[in-house]
Amino acid sequence: MFSKEEWIEKDLKYVWHPDTQHKQYEGENFKPILIERGEGIYVYDIDGNKYIDAVASWWVNTLGHSVKRLNNVLLEQSQKIEHVLLADFTHKPAIELAERLVKLAGEPFSKVFYSDDGSTAVEVAIKMAYQYWYQKGKPEKKYFVSMTDSYHGDTLGSVSIGGIDIYKEIFKPLVFETLKVCAPYCYRCPNNLEKNTCNIKCLDEVENLFEQRHNEIAAIIVEPLVQGAAGMRVYPAKYLNRLRKLCDKYDILLIDDEVAMAFGRTGKYFAFEHAGIKPDIFCVAKGITAGYIPLAATIATEKIYKEFYDDFSKLKTFYHGHSFTGNPIACALAVENLKIMEEEQIIESLQQKIEALKKSLKKFETLKHVGDIRHIGMIGAIEMVKNKLTKEPYTFSERMGHKVFLEALKMGAILRPIGNVIYFMPPLIITEKEIEKLTEIAYNAIKIVTEKTEVL
Ligand SMILES: *Cc1c(COP(=O)(O)O)cnc(C)c1O
């Protein structure tokens, strides 16, 4: 057998890691951590060290690692049918999951279109929205509106509607043109207003744009309530509620990218529930199989679906399909996930944990370099700043988030940051005691890193 060092050596030799600068990776200070197994909220490395999976393995894990019921379903389904095409053929897991999703989302949703991951679910939503208007005889409605600093995936369509420079800048010549509106980033409000009294002034810009160009706009796409990849920026549900009304007024579709937020993350099954609205199309992926294997779905209302329903010769078919569309193992896992959530009352059990997280976040207020503390549901985020008064951020090259990450690793928590933002997005099964422990680790790591830098 190979030693740990040999495995790492082979890793560095053969694997090109995502979002990773290998020159830094191969440097003195850091080596990839070789994970061997997981259980509950913990993952264990090859030396037996355990870490709290505080970022839910890139926001996908909801019920913890290695869940018996899910393990069993994985095995059982693979012994029946591991995969079969979903055009002209179907299978019980795909049917059962679609029915459950439609019923969970409620009226007026009626159809589930499967794909493989968040990016593809978004691609499907974009194409669906465009083709919808095309078939309604309005091909000029071809623009998509999205927020600054939004993230909708890494494929080119989703990069087009995305707004984060590091993912987009280089590819600008390749992506299609979109319209951007200012994100409701309350800590650094674009209008310099306060969250409690602003009356959602940032929607004025959206309304102006809609008023001027609604004839050309197909849809607006949003990350509901939280701009995740921008740094867990939480914004008021009222924004989404009023946006729905604007979309109705100007006949623009509302696409809700629930990829990161669905299945309990915000304390409800879907984030749109907080706003008391229904989008026209929404996307889910992360969390759908509780974090086991990739699966995504784009869920449409009857209004959308019926524009595609006609005689074959009318060419209104939605010509889109991935090889693994509606994979039976993935769908069976998702069905079991939803059954567990229902039977074990996961959503109900969250309410107390959400309060515990809120309370645990209080302690960060006293830290000198904590500028903003954000919270919704089972997400907490701490934005570190160089200067609390001026909100001056740490520079990109200071890598403060990364330093906190390294410090926290030593203390047994995976707090992989987003720039200067340290966040908690643990599996939903985390206990109140573990929440306290996790936030304690983050507190100490942030304190050590930010106050040490000061002395130097
Ligand atoms: C992660 C994410 C995506 C992309 O999902 P992948 O599965 O990584 O392709 C899309 N939208 C949002 C809001 C996300 O957080």
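Numbering of ligands and ligand atoms starts at 1, following listing order. Residues: numbered from 1 along the sequence shown.
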Taking the six-membered ring of [Y] as reference, does the cationic atom of [X] (NZ for Lys, CZ for Arg) lie under 6.0 Å from its centre and within 45° of its axis?
X	Y	value
K138	W133	no
R233	Y187	no
K50	Y44	no

Run the numbers for me: atoms of ligand 1, each under 4.0 Å from some heavy atom of [X], listed by number.
X	result
D257	10 (C), 11 (N), 12 (C), 13 (C)
D117	7 (O), 9 (O)
E223	13 (C)
A260	15 (O)

Quick check: does any side chain N or O of K353 sit under 3.5 Å from a backbone N or O of L428, one acting as donor and the other as acceptor? yes
Subject >> Ionic contact status for E383 with R188, cut-off 4.0 Å >> reply: yes
- Evaluation steps, salt bridge (Lys or Arg N to Asp or Glu O under 4.0 Å), between E99 and K103: CA-CA 6 Å; E99 181 182 13; K103 288 187 172 159; 2.5 Å; yes
Enclosure of F308 CZ (heavy-atom neighbours >12, cutoff 6.0 Å)
yes
Give the residue, atom name and distance (to 0.1 Å) of the protein heavy atom nearest [atom].
atom	value
atom 14 (C) of ligand 1	K286 NZ, 3.0 Å
atom 3 (C) of ligand 1	V259 CG1, 3.6 Å
atom 7 (O) of ligand 1	G118 N, 2.8 Å

| said: Heavy-atom contact check, 4.0 Å cutoff: does W59 meet ligand 1? | reply: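 The answer is yes, since W59 has a heavy atom less than 4.0 Å from ligand 1.
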Problem set entry | Region of S119 engaging ligand 1 - heavy atom pairs below 4.0 Å |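 Looking at S119 and ligand 1, atoms from backbone and side chain both fall under 4.0 Å.
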